[in-house]
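Have a look at the structure below, then the notes.
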Amino acid sequence: MYPVKENLHRVLDALPEGVRLVAISKYHPAEYILAAYEEGQRLFGESHEQEIREKHAALPSDIEWHFIGHLQTNKVKYIVPYISMIEAVDSLKLLREIEKQAAKAGRVVKVLLELHIAEEDTKYGLTPEACRELLDAGEWRQMEHVQICGLMMMASNTDDEQQIVSEFRRAADFFDEVKAAYFYDDPQFCERSWGMSDDYQLAIRNHSTMVRVGTAIFGPRIY
Ligand SMILES: *Cc1c(COP(=O)(O)O)cnc(C)c1O
């Protein structure tokens with residue numbers, strides 16, 4: 001068995017108060033999740049609808065699941081009944097579909113807006129400009145079954161720490177701008193989801209409230 005427990009505690013011990021760990025369990029077996037669960041971890045993240053559905057059905061019901069991947073609108077209905085948070089909302093179309101399905105399911109689903117700051121243009125997400133446009137349009141204010149709780153982003157995949165830090169800082173500054181402009185009276189808009197296995201230590205020094213760590217806990221993924 002991979003040393004999940006030891007790794008989990010190493011990551012948890014590094015987190016300051018107020019920063020939560022989303023243990024990213026995609027492509028890892030249920031027994032790895034249970035090993036972390038036995039140590040008290042309750043928050044897990046997955047990025048494929050089919051896989052999260054199977055794991056949700058098989059694992060303890062007090063696990064809080066975050067969907068962290070790119071979500072197609074036709075898959076929204078499958079995860080909305082049980083998902084705790086959808087982290088990577090990158091279009092108004094997706095937001096509308098979450099609202100529609102959450103209304104049907106009679107729940108309020110928490111979401112984050114995915115910000116595109118990194119240099120690679122292969123990544124999903126809203127540019128700061130597109131994010132402002134979405135919020136300016138205002139339709140989200142009428143959505144009673146969606147709660148926008150903050151921003152998520154992925155830094156560039158690079159060894160250049162300066163660049164990673166500068167991307168985290170830009171994301172943090174943008175969070176402050178959005179908070180002041182649209183969510184100043186909404187205490188639920190408080191989450192900054194950034195930091196993965198290779199950069200979570202930089203992220204927690206740069207205003208992250210939620211790190212998404214997989215490999216450093218569960219080992220390399222076998223695709
Ligand atoms: C897979 C994934 C992670 C975790 O990456 P690691 O490098 O394994 O920690 C974090 N965020 C997103 C969006 C992911 O898809």
Side-chain angles (χ1 to χ4, degrees), residues 2-15 19-30 32-33 35-36 41 43-53 55 63-72 75-76 79 83-91 94 98 110-127 131 149-161 163-165 167-168 171-172 175 191-223:
Y2 198 78
V4 168
K5 297 187 179 191
E6 292 79 353
N7 291 341
L8 174 74
H9 286 296
R10 190 159 12 82
V11 173
L12 286 173
D13 288 349
L15 300 185
V19 179
R20 283 194 298 159
L21 169 65
V22 187
I24 304 301
S25 47
K26 64 189 186 198
Y27 295 99
H28 291 293
Y32 281 29
I33 299 177
Q41 180 68 23
L43 178 52
F44 293 87
E46 293 276 341
S47 58
H48 296 279
E49 183 275 317
Q50 173 96 24
E51 186 178 358
I52 194 172
R53 190 195 319 186
K55 286 174 170 169
I63 287 180
E64 214 186 305
W65 296 101
H66 282 199
F67 196 86
I68 60 159
H70 180 68
L71 183 57
Q72 291 169 293
K75 301 284 172 65
V76 169
I79 67 167
I83 203 75
S84 160
M85 183 181 274
I86 297 174
E87 287 209 19
V89 172
D90 60 0
S91 71
L94 179 56
I98 297 169
K110 295 179 177 176
V111 305
L112 303 180
L113 299 178
E114 180 179 6
L115 192 60
H116 179 114
I117 294 250
E119 278 187 354
E120 295 110 298
D121 48 34
T122 52
K123 288 200 173 142
Y124 294 109
L126 298 155
T127 61
C131 195
C149 293
L151 303 177
M152 90 77 104
M153 62 84 80
M154 265 187 277
S156 292
N157 184 12
T158 169
D159 292 333
D160 182 350
E161 289 201 359
Q163 185 180 338
I164 294 170
V165 166
E167 291 175 2
F168 288 153
F175 174 94
E191 298 290 1
R192 294 173 290 260
S193 175
W194 46 81
M196 309 180 13
S197 289
D198 287 338
D199 58 21
Y200 73 91
Q201 280 154 332
L202 296 174
I204 58 184
R205 281 182 252 130
N206 289 282
H207 308 286
S208 173
T209 61
M210 210 189 262
V211 294
R212 308 179 310 268
V213 179
T215 309
I217 299 168
F218 301 112
R221 291 178 283 273
I222 298 156
Y223 294 106

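Just so we're clear, the structure is a prediction, and the values are computed from it rather than from any experiment. Just follow the structure's listing: the first ligand is 1, and inside any ligand the first atom is 1.
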Task: Residues which pass ring pair (Phe, Tyr, Trp, His ring centres under 6.0 Å) with Tyr200, listed by chain and number, not counting sequence neighbours - done: none

For the side chain of [X] and the backbone of [Y], is there at least one donor-acceptor N/O pair under 3.5 Å apart?
| X | Y | value |
| --- | --- | --- |
| Asn7 | Val4 | no |
| Thr209 | Arg192 | yes |
| Arg212 | Ser193 | yes |

Open item on the list: Show me, by chain and number, every protein residue that has a heavy-atom distance under 4.0 Å to ligand 1.
Closed with: Ile24, Lys26, Ile68, Met152, Met154, Met196, Ser197, Arg212, Val213, Gly214, Thr215, Arg221

Task: SB check Arg10 Glu6 (cutoff 4.0 Å) - done: no

TODO: Using the six-membered ring of Tyr27, assess whether NZ or CZ of Arg221 lies under 6.0 Å from its centre and within 45 degrees of the ring axis.
DONE: no

